[in-house]
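Residue numbers start from 1 in every chain, and the chains themselves are labelled A, B, ... in the order their sequence lines are given, proteins ahead of strands. Just so you know, these numbers come straight off a predicted model, no measurement behind them. The figures here come from the full heavy-atom set of this structure, side chains too, leaving out hydrogens, waters and symmetry mates.
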Amino acid sequence: GETMQLLTWKGYAPQQLIDKFKAETGITVEVTYSNNEEMIAKLRATRGAGFDLAQPSQDRISSVQKEFGIYQPMDYDRLDAKLFVPSMLAAVKQNTMVDGKSHAAPFCWGTSGLVVNAKAAPEARDYTALLDSAYSGRVSYRLKRPTLIALAFALGDDPFALYGDTKAYTALMDKIGDKLIEAKPLVKNYWTNGDALLQSMRSGEVHVAMAWDNGGWKLHDENPDIDFIAPASGALGWIDTFAIPAKAKNVDAAYKWINFMMRPENAAVFTNMEKYATACEGVNPFLDEAVRANFERSFSQQDIERIRWYPPVPAEIEAIEGRILDKVKASR
Amino acid sequence: MIRSLPRSGAYTALYRIYVGAFFVFLFAPLGVTCLLAFNDSPFPSLPWYGFTLDWFTSAGPERIGILHDAHNLRSIRVSAHTAFWVALLSTTVGTCGAFLFEQEKFPGKEALYLLMLAPLVIPGVILGISILLAANTAGLFIEERLGWDVGLLRPGFWLVVLGQFSFITTFVTLVVSARLKKFDRSLEEAAMNLGANRMQVIRHITLPFLRPAIISSAAVAFLMSFENFNTTLFLVGPQPTLPINLYLQVRDGSTPVINAISLLLIMGTAALALTSLLLSREDR
Amino acid sequence: MRRSHLFWLFLAPVLAWLVLLIVLPHVDLLVMSLRRGNGMGEPEWTLANYATFFAEPIYWNTFLRTCVYSILTTLITLAIGLPVAFFVVKIAAVRLRGMLMILLLLPFWVSELVRVYGWMILLRESGVLNHILVASGLLAKPVEMLYNDATMIMGLVYTCMLFMVVPLVSVMDSLDDSLIEAAHDLGAGPIAIWRTIIIPHAKPGITSGCIVVFMLSLGNYLTPNLIGGKNSLWFTEQIYNQFIASFNWNQGSAFGFLLLALSTIIIRIGLKLTRQTLGEVAR
Amino acid sequence: MDTDLRVDELLKRFGTFTAVDNVSFEVPQGRFFSILGPSGCGKTTLLRMIAGFETPTGGTIAIRGRDMAGIPPNRRPVNLVFQHLALFPMMDVAENVAFGLRRRRERTPDIRRKVAEALERVDLGGFGDKRIDQLSGGQKQRVAIARCLVLEPSVLLLDEPLGALDLKLREQMKVELRALQTKVGTTFVYITHDQSEALVMSDAVAVMNSGRFEQVDTPRNLYDNPATPFVAGFVGDTNILRGRVREADADTALVETQSGLACRCRAGAGVGSGEGALLFVRPEAFIIEPDDTPDLTAITVRVDSVLFDGANSRLLARADDATGTELTIALPQNRRFDHLVPGSRVRVGWHTQAALCFGAKDGD
Amino acid sequence: MDTDLRVDELLKRFGTFTAVDNVSFEVPQGRFFSILGPSGCGKTTLLRMIAGFETPTGGTIAIRGRDMAGIPPNRRPVNLVFQHLALFPMMDVAENVAFGLRRRRERTPDIRRKVAEALERVDLGGFGDKRIDQLSGGQKQRVAIARCLVLEPSVLLLDEPLGALDLKLREQMKVELRALQTKVGTTFVYITHDQSEALVMSDAVAVMNSGRFEQVDTPRNLYDNPATPFVAGFVGDTNILRGRVREADADTALVETQSGLACRCRAGAGVGSGEGALLFVRPEAFIIEPDDTPDLTAITVRVDSVLFDGANSRLLARADDATGTELTIALPQNRRFDHLVPGSRVRVGWHTQAALCFGAKDGD
Ligand SMILES: Nc1ncnc2c1ncn2[C@@H]1O[C@H](COP(=O)(O)OP(=O)(O)OP(=O)(O)O)[C@@H](O)[C@H]1O
Ligand SMILES: Nc1ncnc2c1ncn2[C@@H]1O[C@H](COP(=O)(O)OP(=O)(O)OP(=O)(O)O)[C@@H](O)[C@H]1O
Ligand SMILES: NCCCCNCCCN
Ligand SMILES: [Mg+2]
Ligand SMILES: [Mg+2]
């Protein structure tokens, strides 16, 4: 029968919903798991073909779209606008605008912050805990750009403000790089994706980690000592989206899937399972109590205001960061 | 020293221990992997919570066993499908190569032979990216000049097949050549002398002689393709092969369903390897 | 000389394979490595990608590290594999031999990924080995055995072992027992026999095993990536990063080409030192 | 009688090396014709040209009167039994024998009948479904021959087919092969470097040397009347003495050997008074302790060693003079000479007719 | 004379199979001792026990009076020349010969001198820096021997060292090997399945069959007075006729063959009146067209074929009676019998002394 190729993050397409979608429409969804970098790389290599729908973060769309043209403009008329939280839809449209056309619709959002085992690390409140020798051998984070940015904020800089100034940004990153190299002996490992980290926190191999909020919440269910903490210098806020690759074959199915996923009862299945907040309007009645409690526990009003939302990433920035990340990884 | 020479007891004992330790080293990771496929725990690690078949048979939603894991099952199918085509293509072309290098004389043969060996010294990752680049260059060129979008020229099933084919064929060529070297050319002459033409000679004499080598190299090609990671990594499109899929899961952490898959994989390869080994023994 | 149709039938697919899938892609790799896009504009010819490599110590440090560790891996694999191959061919009872060979080959037909995964669940801090050691009181608390260079080398040695043992077994197989008996009969002890008879005889097998193992560890991605840990940047990972994380295909191509050049040069040197050719070794 | 095979001025060069050098001969129908020569003399090359695997550099080959130039091996009415037999190991005996018939697309029942007959003819009835590796050396031999005979070739070519067999089996197969040829009546062209095979089996033997035929004759004539020094030395054991011709008439010559011994002998080609000569005397031509008779040459020798080998025993001896020419002398086992031990001195002699000389340059 | 090698009741079993069965013998110093037997009779096993590569199941081996039990091969004062020589291809000729000396850590100048001497002794002076694959078969042979001789072993063991050579070279090496042994004076123990090698070279030959020694004797005695039917049949060509003993006294017997022919002959072991017997007559014992003399047995035969083979020519004939016993008869080349062609009938006879019979069960 008909199939739709979906390029997305692990957990963004629960089997339950895939089955339901198939029952409703007869379309089989085939999922390829990925992350932002690999999603872009893959679509670049296929020149926007091979997949019918991708789910990059909103800040990683415009610059690559400019350079490689891997997405097609989103036809918002084919979306059921009332399913989306209006402010988020507007923000995503705004941030994915290239040549006057927008390329994505919001799916879910969340933050990166600290996941902490309070018993072992009661003092950890900000990203600087990642550099604290008190937690030597028990620290973990991704060796990816969010870590660089988070530490810049924690050390009192505003990296987003320097996006336009390549020189200054390079200097800032060099500084962060040095810090990371200096603190390298403290690191247990650089985790690469969610479950691996959860595993090591669960087993007590790691006490302080920079991670996505849902991870902390998932662990909190199992072990109340572990929880997500919005860092003092501000959690990093991201929105993951739907974007249709330039040469998608089954565009119809892609739109059907978007509308399907954003239906409150379906969005709730996702959120209840993965704990990420959804961009779906009217989901609340379907959510588990515990999921709502998570957010309230971790975010004070002040924390919410302090969330730092990623602006679109300019092209040159990635190369600068890439070099720093390599350097950190290679140092001893 | 060797079987026929007298040797001291201590020497023999130490040697046995060494080889024993070596085999433990060889099998420890596999054994552990298989064992933990049956642990009644959501994580592939000790402690042992009891025996379960959940990671094979459970239908979800909490635990999804391999039999119900659409995502992994699909990648197994993709891998098998890929391996089939790779085995077919590389066995065919490799056999042609063996004939070419063993039985024909032509200018530039030495150079071509060295080129044929090149994939042995090209790291798989490099092979992957260079094929990706070339496909991309060709794809862009065709798209710009002719406006055609050639599916073959972008990451996807067939590019993976071609990528793996490009180095596995070298192995097939070497294996079939080795057998062809042992072929007594006078058998061909004898067949001709009895009235066969060149095509009939190949069909009735040479190919039957090569059959064990062809079968076993096809099996090897199948296995090599099935487990290939390095070259595939860069060429894979919307249909990930099993190793790629497993890699993402191992990297990201996963349930013992990976152990279950590994167990099946180990048993499957063992069966295939044993069959091909027995076949090639029969021929000796 | 007139050529038969069969000749062309054999030549065509082989030529297509080698030209389209080996030669052209590597030419393209070279071309890509010599270009650099300037934003949206036309790409230009440049040596900048290579300059970056040499200007930036992290790159060539990783490069050297990868090379040195690959050589180390090769030597360790040889040291471990040589006695094993000899045992299987010359010492084990003849009837056990087939079984030993199967046992030797089996693990290597299983996906490399599964093997590395096995090591991970065996060695990690919450892993099986730690569990056993702690439970038996040999360790007070678990230690991390993963994510360090020694484990990574061990993993590489494990991954490559087959490719050392198989050529060694076949070369040992071709060593006539009576040569060893003759040497012994003329008064040689084990060490003299190894030095004067076995090693010189096994040289082609050693060379081909070493070449393949060196190649495989140099080009390995999985093992350093999964069990190498935070310090173990491998050059293939750097290539991957250029392609996937930085979207800089030109820089990645330059790295790729350098890796290719390195492996070719080292293998050349190895062959020179042992006075062999690739053609002989492949046989 | 019809001629099955006629070869005319056949020439084969590999580069500048001439492997077969202007060879001409005919083989009448039904004959057992052997080509005998040392290793590397060009026998195989000659045979392969007849079979069509090599293209002659010059000359013609005609089989039953038909010129073979340009006819590929699979169309020639000759079959070849290969040195190592080249039986097809992937087929059983019957399939091997049927191979050629199948290539001719004969009908299956015909094939079955002919194969059975052919196996019967080589005494292998009922062996059809044996695998090749279940046969003994001699049986393989016969399958290889049956495989060719079933095609009823005009000429059967055999390239040292006994070379791979061990000594005892070879002795036996010699006799069987000749008997088989007599029975089937096919023309055989047989090559070998073993003079005993050629002598025992053949109607006629060509002795080949460095690409040329030196003599084509019956076995007995080759042995008794070799036409050239090469044939005299190659066919049968013999002693070769270097010397100079003192006198020569039509039939006989007087040769003085380097050791100063004067010997009257039959004169072969190229013998001229005063010229160098080679003198050939077979070991069995020596008479130990001879009575002095007029046409006898006698010398005294000192025994170096007694090689006891049953009926084949020999004395290694040395002329008891300055040159000490070495001689091999047959030692009859009639116990008359049991007193001969190393160091004994004894007179030996031979008749004029038993010695043969050829002219030779001194350097030869 | 001193005894270099003494073997006593040596026994070797592989599982239930007895490869060497209670073998005892002595070899005095300086002798050339051969062990002759068919393939698989246990020769190699025996030799390997002497060299120390196999452990005897029972019995003792003493070299120069010293018991060898428990002494590893590299400490025994014997050296072994392997069947396929086992020269070290990774070394040149001099290094091969020097190998054993180096293992003894002799001084380099001594080694150089001894190697040169050893090569000189086997006529390979100046070949030191040749590679092994540059040598001919016979030269390799001699290097293998030099490599052992340079160590001055008490006993040199040789395992069919000529087996791999071609016929002509083997003939020549037989003579050379014997000459070499005489020159160096080392005790040689030589095994072979080729009777001619054993007869030509040896001072004494042991004939081995199924793990046992059947006879240990001089070559001539083996040939003329075989002790057992096996030796009679294995050493030298012979005709074997089955029959029954009519009368028997101490030395001679009257045997009636199955074809009904009565023949008086020498009586070997186990001959009893009325019992079955095997009668052995060598081809060269037949006298063609004999004069009737008292101790002659004569029969009429029909010639099947004449195998002309120079000095070695034979008649294949068949007793001209109901059984048609096949006989091989030596055909002297004195032209007296040129009239014999296939189909001729001719009388042949042999003397009582030339025929030998042994008792045999009828089934033998
Ligand atoms: N294809 C070839 N190219 C060059 N020289 C060749 C070729 N084939 C044979 N020769 C040479 O021709 C000569 C005759 O070879 P041929 O095989 O006919 O000898 P032969 O009499 O059959 O010898 P043997 O008894 O050893 O089989 C040899 O010197 C050989 O080296
Ligand atoms: N290691 C062994 N295990 C079992 N049987 C053996 C072993 N070695 C030899 N034999 C058997 O012992 C018998 C004698 O073997 P041996 O090699 O001594 O014979 P041989 O006389 O040297 O024969 P050939 O002339 O063929 O070399 C043979 O039947 C052989 O199969
Ligand atoms: N830099 C943006 C990070 C986006 C993270 N998406 C998280 C999905 C995890 N499953
Ligand atoms: Mg030949
Ligand atoms: Mg033997």
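Scanning both residues, B/Leu187 and D/Leu87, for their nearest heavy atoms gives CD2-O, 3.2 Å. Looking at every heavy atom in both residues, B/Phe209 comes nearest to D/Met90 through CB-CE, 3.5 Å.
With a 6.0 Å radius and a threshold of 12 heavy atoms from other residues, nucleotides or ligands, D/Arg112 has its CZ atom at or below the threshold. The number of heavy-atom neighbours closer than 6.0 Å to CZ of D/Arg113, taken from other residues, nucleotides and ligands shown, is above 12. For CH2 of B/Trp85, the number of neighbouring non-hydrogen atoms (other residues, nucleotides, ligands) closer than 6.0 Å is 12 at most. Heavy-atom neighbours of B/Lys182 NZ from other residues, nucleotides or ligands within 6.0 Å: at or below the threshold of 12. Counting heavy atoms of neighbouring residues, nucleotides and ligands inside a 6.0 Å radius, atom CD of D/Glu152 does not exceed 12 of them.
For the pair B/Ile205/D/Phe99, a side-chain contact is recorded, criterion being any heavy-atom separation below 4.5 Å from C-beta on. A heavy-atom distance below 4.5 Å is not found between the side chains of B/Leu194 and D/Arg103. No side-chain heavy atom of B/Met192 sits less than 4.5 Å from a side-chain heavy atom of D/Leu80.
For a residue to count as touching a neighbouring chain, one of its non-hydrogen atoms must lie under 4.5 Å from one of that chain's; by this rule D/Leu151 touches chain B with the side chain only. When heavy atoms are compared at a cutoff of 4.5 Å, B/Gln200 approaches chain D solely by way of its side chain, counted from C-beta outward.
Residue-level contacts of residues 44-75 of chain D with chain B, in order of numbering, are D/Arg48, D/Ala51, D/Phe53, D/Pro73, D/Asn74; threshold 4.5 Å between heavy atoms.
No side-chain donor-acceptor contact under 3.5 Å links D/Arg102 and B/His204.
We find the CZ-CZ distance between D/Phe82 and B/Arg185 to be 12.0 Å, quoted to the nearest 0.5 Å.
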